[in-house]
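Have a look at the structure below before the remarks.
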Amino acid sequence: MLPHVESRNVAASVDKLLAERGTALLSMKELIAEVRERTGTERSDADLAGLITKKAALLGVAVLSD
């Protein structure tokens, strides 16, 4: 069975999204929805939340875990 290949780089999309939003407090649910809309990814919410949390921590962006 071949691994799922995503059409766009999800990690790069998360970086771009967080940079666009700046240092405002962001909702995890809204960020996940936006990443799905931009990339069409089929990753789980938990996987995306983990990726977003790591990227936000590196950038110093606060994310509301809702």
Side-chain angles (χ1 to χ4, degrees):
M1 184 169 161
L2 294 174
H4 175 72
V5 177
E6 295 184 4
S7 59
R8 295 187 64 189
N9 185 333
V10 176
S13 293
V14 170
D15 285 336
K16 184 177 179 182
L17 177 62
L18 291 172
E20 290 172 359
R21 300 288 178 102
T23 58
L25 183 62
L26 305 172
S27 163
M28 183 62 74
K29 286 182 182 179
E30 290 175 10
L31 289 171
I32 290 172
E34 185 69 25
V35 169
R36 286 193 192 286
E37 183 178 315
R38 289 183 182 201
T39 66
T41 187
E42 294 178 5
R43 290 185 182 192
S44 70
D45 285 356
D47 186 41
L48 289 174
L51 177 62
I52 292 167
T53 299
K54 288 177 186 177
K55 296 283 190 177
L58 288 172
L59 297 172
V61 176
V63 177
L64 177 63
S65 182
D66 49 2

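One-based numbering along the sequence shown. In what follows, every heavy atom counts, from backbone to side chain, and hydrogens, waters and symmetry copies are set aside.
Applying the side chain to side chain donor-acceptor pair (under 3.5 Å) criterion to T53, with sequence neighbours excluded, gives no partner residue. For E20, the salt bridge (charged side-chain N to carboxylate O under 4.0 Å, His left out) partners at least two apart in sequence or on another chain are R38. Taking D47 as the reference, nothing meets the side chain to side chain donor-acceptor pair (under 3.5 Å) condition, with sequence neighbours excluded.
To the nearest 0.5 Å, atoms OG (S13) and NZ (K55) are separated by 10.5 Å. Note that CD1 of I52 is 12.0 Å distant from CG of L59, once rounded to the nearest 0.5 Å. Going from atom CG of L48 over to atom CD of E34 covers 12.5 Å, rounded to the nearest 0.5 Å. Rounding to the nearest 0.5 angstrom, the gap separating the CD atom in E30 from the CG atom in L17 is 10.5 Å.
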With side chain to side chain contact (heavy atoms under 4.5 Å, CB included) as the test, would you mind laying out the steps for L26 and L18 before giving the verdict? CA-CA 9 Å; L26 305 172; L18 291 172; 3.9 Å; yes

Worked check of side chain to side chain contact (heavy atoms under 4.5 Å, CB included) between L58 and K54: CA-CA 6 Å; L58 288 172; K54 288 177 186 177; 5.7 Å; no

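At least one side-chain heavy atom of L51 sits under 4.5 Å from a side-chain heavy atom of R43.
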